[in-house]
Chemist: 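Mind having a look at this structure? Questions to follow.
Hydrogens, waters and symmetry mates play no part in the numbers below; they use all other heavy atoms, side chains included.
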Amino acid sequence: MGNNKFVIYQVLPRLFGNDSVECVPGGDIRTNGVGKFADFNALTLRKIKDKGVTHIWYTGIIEHASKTEYPGLPATHPAIVKGNAGSPYAIRDYYDVSADLALNVEDRMREFEDLVARTHRNGLKVIIDFVPNHVSRQYVSDAKPAGVEDLGANDDQTKAFSPYNNFYYIPGTKLAGNFDMIAGAAHPYEELPAKVTGNDCFNQYPSVNDWFETVKLNYGIDYMNGRTRAFSPIPDTWFKMLDILRFWAGKGVDGFRCDMAEMVPVEFWNWAISRIKDEFKDVIFIAEVYNPSLYNSYIKVGGFDYLYDKVGLYDTLRDVVSHGRAASDISYCWQSLGDIQEHMLNFLENHDEQRVASDFFAKDPFRAVPALAVSALMNVNPFMIYFGQEFGERGMDAEGYSGRDGRTTIFDYWSVDTVRRWRNGGSYDGRALTARETELSGIYSAVMHIALNERAVTKGRFFDVTYANFDNPAYDTNRLYSFVRGIDNEYIFVLANFADHPADAEVVFPQHLFDYFGLRETIAGAVDLMSGEKKYVHISSRNKLRLHVDAFGVRILKIEL
């Protein structure tokens with residue numbers, strides 16, 4: 001994998017470049033506007049890179065269900081579209097890009113190819129979504145290469161399951177969804193026979209709580225008969241999805257974030273990832289997997305480079321920040337991962353989760369600064385931020401379909417306030433940001449640059465210091481968490497304070513730490529990488545290190561021995 005320590009910037013192009021100030025909830029593309037590929041010009045990409053970013057995850061690239069019509073591209077039936085813009089995870093054509101994002105619709109693929117080349121020229125790598133578990137109910141490819149057959153084109157729809165089918169069916173039964181099947185159209189949406197819905201809803205009655213706008217792809221598992229596997233001969237869907245991965249890797253895409261990867265059999269991933277890497281050796285695969293019992297399998301058998309660390313570190317940090325959970329519980333996260341720690345992707349936000357600054361999470365984004373430092377610096381694995389997170393974007397708009405839920409919509413045509421003001425018409429001069437937004441952005445940038453540029457973080461070993469301080473009355477393990485990263489003669493000590501008050505901590509360094517790193521007790525110079533403050537510190541198992549740390553603050557000391 002090379003250097004595991006990189007920083008991903010997730011962004012929805014549909015929203016990023018949209019300068020509309022007065023968006024209307026539920027508005028269409030003409031009312032609310034839309035961002036374009038072209039908004040990521042050289043200046044934009046340099047500004048993103050300057051934050052301490054190495055990879056951009058462009059979300060919503062591949063053509064998906066939408067209520068917007070273009071010449072030669074009819075709108076999807078409104079009953080099976082979430083919002084007006086549609087879900088990026090209801091793919092309508094795996095071989096095309098979203099027409100919304102193009103200045104010239106007929107040249108949309110060339111514009112995407114130019115975006116990839118432009119991103120590379122500016123020193124960044126490109127990640128896009130691969131959505132393997134489900135597609136739009138009205139999937140049809142009008143852009144597929146010659147010789148490629150559409151998904152489902154040769155299915156035997158009289159069979160509920162066949163390894164030769166691309167979809168699962170409920171034969172002889174019409175879809176009768178428990179959602180609005182008309183949604184203002186001239187005629188209701190019709191599907192006969194009904195296909196199985198994307199979230200494994202194996203009946204004809206999907207509801208609004210199901211992924212009703214999608215249908216599940218068939219990888220050779222007979223779910224209705226004991227989940228038996230029919231993998232020999234290799235199912236047709238495997239070949240079709242491998243060709244899709246090969247198509248996008250051939251466009252210069254550097255990585256795939258694989259949506260709901262755990263709903264696709266690990267045997268497919270083992271087969272497909274190995275073949276893609278034979279042809280494109282540097283392409284990375286990131287899996288959305290939420291079941292920890294599957295982690296080892298999807299890494300060691302499936303071949304994934306990285307998995308979301310959602311149910312471990314993310315959930316724990318969120319509870320520590322918002323619900324008073326003991327900071328010492330962070331120790332259990334790395335302890336539970338064992339030798340797969342370096343394969344985990346850390347984050348505090350993404351499109352599925354509520355914004356840190358929302359009323360549903362921390363409210364004040366500065367409360368999450370200690371979580372930022374822990375998540376970004378704790379180990380050699382990558383870290384991700386979501387566009388606007390670095391400015392404290394709140395996600396508290398009622399955009400339309402999405403509603404006021406603390407998330408930035410992925411379904412609506414909308415504009416993101418802090419990002420729009422940061423762009424400031426493409427000038428990026430900072431004049432439209434508040435002082436607090438600028439300060440927070442500076443903190444994010446400082447932490448991410450430390451994550452990328454300090455060898456103790458990118459390659460160093462990790463030692464948890466908190467466990468040695470449980471009996472230390474001058475160290476509150478409920479609100480303080482600390483660790484050391486080290487390599488050769490370079491060491492970084494991180495002390496994070498999750499409390500709403502300052503702390504004058506006295507940190508015990510156990511003898512085990514000295515044995516682990518092969519250190520001797522000494523007095524050494526140290527610099528705080530956040531403030532620039534320099535001081536001498538006595539590194540000893542017999543003397544406590546005394547440090548002041550602000551409320552919701554972090555001290556990051558670099559010590560060279």
Side-chain angles (χ1 to χ4, degrees), residues 5 52 317 327-328 330-331 334 346 366 368-380 383 439 442-469 472 474-477 479-499 501-561:
K5 199 68 184 183
L317 287 173
S328 57
I330 297 168
S331 298
W334 65 263
N346 293 353
F366 284 88
V369 166
L372 166 68
V374 171
S375 189
L377 305 178
M378 192 174 174
N379 224 299
V380 298
F383 176 68
E439 179 186 0
I443 291 171
Y444 268 83
S445 182
V447 171
M448 290 189 288
H449 278 286
I450 292 169
L452 290 180
N453 298 319
E454 294 295 337
R455 288 181 67 247
V457 177
T458 62
K459 297 182 182 297
R461 301 168 76 189
F462 166 85
F463 190 94
D464 189 321
V465 174
T466 293
Y467 92 91
N469 285 271
N472 178 0
Y475 185 107
D476 180 5
T477 56
R479 296 288 86 195
L480 296 175
Y481 185 74
S482 60
F483 55 90
V484 172
R485 302 293 311 283
I487 187 170
D488 299 332
N489 65 335
E490 296 182 19
Y491 297 87
I492 286 180
F493 173 64
V494 178
L495 176 63
N497 181 18
F498 291 88
H501 53 80
D504 290 302
E506 299 180 5
V507 184
V508 170
F509 291 121
Q511 182 60 43
H512 184 200
L513 180 148
F514 292 85
D515 298 338
Y516 180 71
F517 285 114
L519 284 176
R520 57 181 176 83
E521 298 185 1
T522 186
I523 295 175
V527 58
D528 189 314
L529 296 178
M530 297 298 288
S531 68
E533 175 191 352
K534 295 181 180 179
K535 62 187 299 183
Y536 283 96
V537 293
H538 190 180
I539 307 298
S540 169
S541 61
R542 294 168 294 174
N543 294 288
K544 296 177 181 178
L545 175 64
R546 294 174 173 83
L547 280 180
H548 176 84
V549 57
D550 292 336
F552 307 122
V554 61
R555 301 294 301 272
I556 305 174
L557 297 186
K558 182 176 181 178
I559 305 165
E560 296 191 42
L561 302 178

Chemist: Between D488 and E490 (side chain of the first, backbone of the second, donor and acceptor by atom type, cut-off under 3.5 Å), is there such a pair?
Modeler: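 It does not hold such a pair.
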
Chemist: In the structure I gave you, are the side-chain heavy atoms of Q511 and E521 within less than 4.5 Å of one another anywhere?
Modeler: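 Yes, their side chains come closer than 4.5 Å.
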
Chemist: With rounding to the nearest 0.5 angstrom, report the CD1 to CD1 distance, I556 to I450.
Modeler: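 Interatomic distance, I556 CD1 to I450 CD1, rounded to 0.5 Å: 4.0 Å.
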
Chemist: With a 3.5 Å distance limit and no angle check, can you tell me whether D528 reaches the backbone of E533 through a side-chain donor-acceptor pair?
Modeler: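 No; judged by distance alone, with no hydrogens or angles, the pair does not exist.
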
Chemist: Quick one: pull up CZ in F514 and CZ in R520 and give me the separation to the nearest 0.5 Å.
Modeler: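 It comes to 11.0 Å.
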
Chemist: Looking at K5 and E454, is any side-chain nitrogen of the basic one under 4.0 Å from a carboxylate oxygen of the acidic one?
Modeler: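 A salt bridge is absent here (no side-chain N lies under 4.0 Å from a carboxylate O).
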
Chemist: Where the side chain of T522 meets the backbone of A524, is there a donor-acceptor pair that is under 3.5 Å apart?
Modeler: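 It does not hold such a pair.
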
Chemist: Ignoring hydrogens, what is the shortest heavy-atom contact between A376 and A451? Give both atom names and the distance.
Modeler: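 Looks like O-CB, 3.8 Å.
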
Chemist: So do the side chains of L317 and V374 get within less than 4.5 Å of each other, counting heavy atoms only?
Modeler: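 Of all side-chain heavy-atom pairs linking V374 with L317, at least one is under 4.5 Å.
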
Chemist: Tell me the closest heavy-atom pair linking V494 and A373, and the distance in Å.
Modeler: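 Looks like CG1-CB, 4.5 Å.
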
Chemist: Let's go through L519 and F509 carefully: what are the C-alpha distance in whole Å and the side-chain angles of both, what is the deciding distance for side chain to side chain contact (heavy atoms under 4.5 Å, CB included) to 0.1 Å, and is it a yes or a no?
Modeler: CA-CA 11 Å; L519 284 176; F509 291 121; over 6 Å; no

Chemist: Check A327 against F498 and note the closest heavy-atom contact, atom names and distance.
Modeler: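 Looking at all heavy atoms of both residues, the shortest contact is CB-CD1, 4.0 Å.
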
Chemist: Looking at every non-hydrogen atom in both residues, tell me the closest pair between N469 and V465 and how far apart they are.
Modeler: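 That closest heavy-atom pairing would be ND2-O, 3.0 Å.
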
Chemist: To the nearest 0.5 Å, how far apart are CG in D464 and CG in L513?
Modeler: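 D464 CG to L513 CG: 10.5 Å, rounded to 0.5 Å.
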
Chemist: Can any side-chain N or O of R555 pair as donor or acceptor with the backbone N or O of H548 at less than 3.5 Å?
Modeler: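 Flag set: sc R555 to bb H548 pair under 3.5 Å.
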
Chemist: For the NZ atom of K535 and the CG atom of L557, what is their distance to the nearest 0.5 Å?
Modeler: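 The NZ atom of K535 sits 7.0 Å away from the CG atom of L557.
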
Chemist: If we ignore hydrogens and angles and just use 3.5 Å, is the side chain of N497 paired with the main-chain N or O of G553 as donor and acceptor?
Modeler: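 No; judged by distance alone, with no hydrogens or angles, the pair does not exist.
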
Chemist: Any chance you could measure T458, atom OG1, to N453, atom CG, to the nearest 0.5 Å?
Modeler: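 Spacing of OG1 (T458) from CG (N453) equals 8.5 Å.
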
Chemist: Of all heavy-atom pairs between S482 and T466, which one has the smallest distance, and what is that distance?
Modeler: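 Heavy-atom minimum between the residues: N-OG1, 3.0 Å.
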
Chemist: In sequence, state the C-alpha distance, the side-chain angles, and the governing distance for L547 and F493, and then conclude on side chain to side chain contact (heavy atoms under 4.5 Å, CB included).
Modeler: CA-CA 11 Å; L547 280 180; F493 173 64; 3.7 Å; yes

Chemist: Quick check: closest heavy atoms across E506 and Y475, and the distance to 0.1 Å?
Modeler: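 Where E506 meets Y475 most closely, the heavy atoms are O-CB, 4.1 Å.
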
Chemist: Is a donor on one side and an acceptor on the other found under 3.5 Å between the side chain of R485 and the backbone of V457?
Modeler: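 Flag set: sc R485 to bb V457 pair under 3.5 Å.
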
Chemist: Got a second to check how far E560's CD is from K558's NZ, nearest 0.5 Å?
Modeler: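 Those atoms lie 4.5 Å apart.
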
Chemist: Is there a side chain to side chain donor-acceptor pair (under 3.5 Å) between N379 and W334 once you walk through the steps?
Modeler: CA-CA 9 Å; N379 224 299; W334 65 263; over 6 Å; no

Chemist: Anything under 30° is parallel, anything over 60° is perpendicular, the rest tilted; go ahead and classify F517 against F463.
Modeler: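 The rings of F517 and F463 sit tilted, inter-plane angle from 30° to 60°.
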
Chemist: Can you tell if the side chain of L480 reaches within under 4.5 Å of the side chain of V549, non-hydrogen atoms only?
Modeler: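 Yes, side chains in contact.
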
Chemist: Would you call the rings of F462 and F483 parallel, tilted or perpendicular, where under 30° means parallel and over 60° means perpendicular?
Modeler: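 Judged by the thresholds at 30° and 60°, the geometry between F462 and F483 is tilted.
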
